[in-house]
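A short worksheet on the structure shown next.
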Amino acid sequence: MKNNGKGSFEIFHSLLSGESSSSSFPPQLQEIGFNHRPYILLLINIETKEEGDSLIPIGRMLEKLNQTEKVDFKYWNIDFNGHLIILQGKGMVTDEHLLLQAERIAPLLEGLITESNPSISLTMGLSKVKKEIHNMKEGFREAKMAIQLGPRVKSTNINDYASIEVEDLFNQIPKDVLTQYVLSMIEPIILYDKENEGELLKTLETYLFSRGRIEDAARALFVHRNTVKFRLSRIEDLLGVDLKSSDLAFKLQLSIKAAKLLDD
């Protein structure tokens with residue numbers, strides 16, 4: 001991990017805001033060590049619970065991580081609508097490896113920040129891996145949406161855009177249209193759960209996530225497999241469907257994701 005300077009870089013600001021429309025590689029990037037390799041954006045949103053200085057030395061914390069963690073990327077710490085860190089792989093780093101590295105570093109960085117500043121709360125968002133410089137604005141939007149939507153659907157404060165991409169698509173659909181879709185698919189089990197303090201929707205979501213494996217769903221729910229089988233039978237009766245249908249499973253997964261967005 002390498003810190004190539006401090007403060008704001010004009011060329012990064014230009015790319016992130018979309019002001020630079022050139023498709024050629026800016027020589028200014030090469031001057032600060034940025035090259036043609038894939039990169040990923042990590043955006044940190046920090047909220048202070050108490051009045052006072054909210055300056056967080058992110059750069060120093062990254063340097064501290066560099067002393068204790070083996071990583072395969074270099075970074076640029078930029079002030080752009082929050083604390084933004086651009087991570088770029090070194091050598092022959094695959095996209096998957098770069099994302100895994102970023103996902104590993106994010107919680108470590110969170111721990112350092114909150115340990116030194118207990119009066120703050122923060123959320124982090126990771127973009128998808130980007131290969132071209134003109135995709136930097138898109139990457140920033142992805143990291144921002146991961147911060148905005150991630151906690152609503154996953155109850156976590158560190159999220160990557162790839163895991164909430166479907167929810168982002170849903171978020172652009174008019175709410176009344178989305179509501180109608182959810183009700184048409186799973187309204188009976190939503191009403192059943194409310195009236196009986198049941199867990200049919202959670203069971204259905206876990207079953208679908210487990211790819212129809214009842215034993216796996218039972219372990220995830222901490223219940224006996226017969227309990228899962230009974231609940232699934234009840235769900236089929238309420239919805240009038242056969243859960244073994246792969247096409248139906250896809251639609252049900254979409255409706256559950258949409259329901260979480262409408263639950264606010």
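None of these values were measured; they are calculated from a predicted model.
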Quiz item: Would L87 and Q101 count as a side chain to side chain contact (heavy atoms under 4.5 Å, CB included) if you check the C-alpha gap in whole Å, the side-chain angles of each, and the deciding distance to 0.1 Å?
Solution: CA-CA 10 Å; L87 308 166; Q101 284 277 311; over 6 Å; no

Quiz prompt | side chain to side chain contact (heavy atoms under 4.5 Å, CB included) evaluation trace for I85 with L41 | solution = CA-CA 6 Å; I85 302 170; L41 277 63; over 6 Å; no

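With sequence neighbours left out, E215 forms a side chain to side chain donor-acceptor pair (under 3.5 Å) with R225. For F170, there are no ring pair (Phe, Tyr, Trp, His ring centres under 6.0 Å) partners, not counting sequence neighbours. F140 is linked by a ring pair (Phe, Tyr, Trp, His ring centres under 6.0 Å) to F80, counting only residues two or more places apart in sequence or in another chain. Residues that satisfy the ring pair (Phe, Tyr, Trp, His ring centres under 6.0 Å) test with F34, not counting sequence neighbours, are F12, Y39, W76. For the side chain to side chain donor-acceptor pair (under 3.5 Å) test, no residue two or more places apart in sequence or in another chain qualifies with Q28. Considering only residues two or more places apart in sequence or on other chains, Y207 meets the side chain to side chain donor-acceptor pair (under 3.5 Å) condition with none of them.
Taking 4.5 Å as the limit, every side-chain heavy atom of L112 sits out of range of all side-chain heavy atoms of L62. Using a 4.5 Å heavy-atom threshold, the side chains of I46 and H83 count as touching. At a threshold of 4.5 Å between non-hydrogen side-chain atoms, the residues L43 and T123 do not count as touching. Side-chain contact between K128 and D160: absent, with no pair of heavy atoms (C-beta onward) separated by less than 4.5 Å.
Without hydrogens or angle criteria, T114 side chain to E110 main chain gives a donor-acceptor distance under 3.5 Å. Between the side chain of S184 and the main chain of Y181, a donor-acceptor pair closer than 3.5 Å is present. Judged purely by atom type and a 3.5 angstrom limit, K260 has no side-chain atom pairing as donor or acceptor with the backbone of S255.
Of all heavy-atom pairs spanning N157 and L122, the tightest one is ND2-O, 3.3 Å. Across L248 and M185, no two heavy atoms sit closer than the pair CD1-CE, 4.1 Å.
No side-chain donor from either of Q148 and N171 sits under 3.5 Å from a side-chain acceptor of the other. Side-chain contact annotation: N159 with T156, donor-acceptor N/O pair under 3.5 Å present. Counted by atom type alone, Q30 and N35 present zero donor-acceptor pairs between their side chains at under 3.5 Å.
More than 12 heavy atoms of other residues, nucleotides or ligands shown are found within 6.0 angstrom of NZ on K130.
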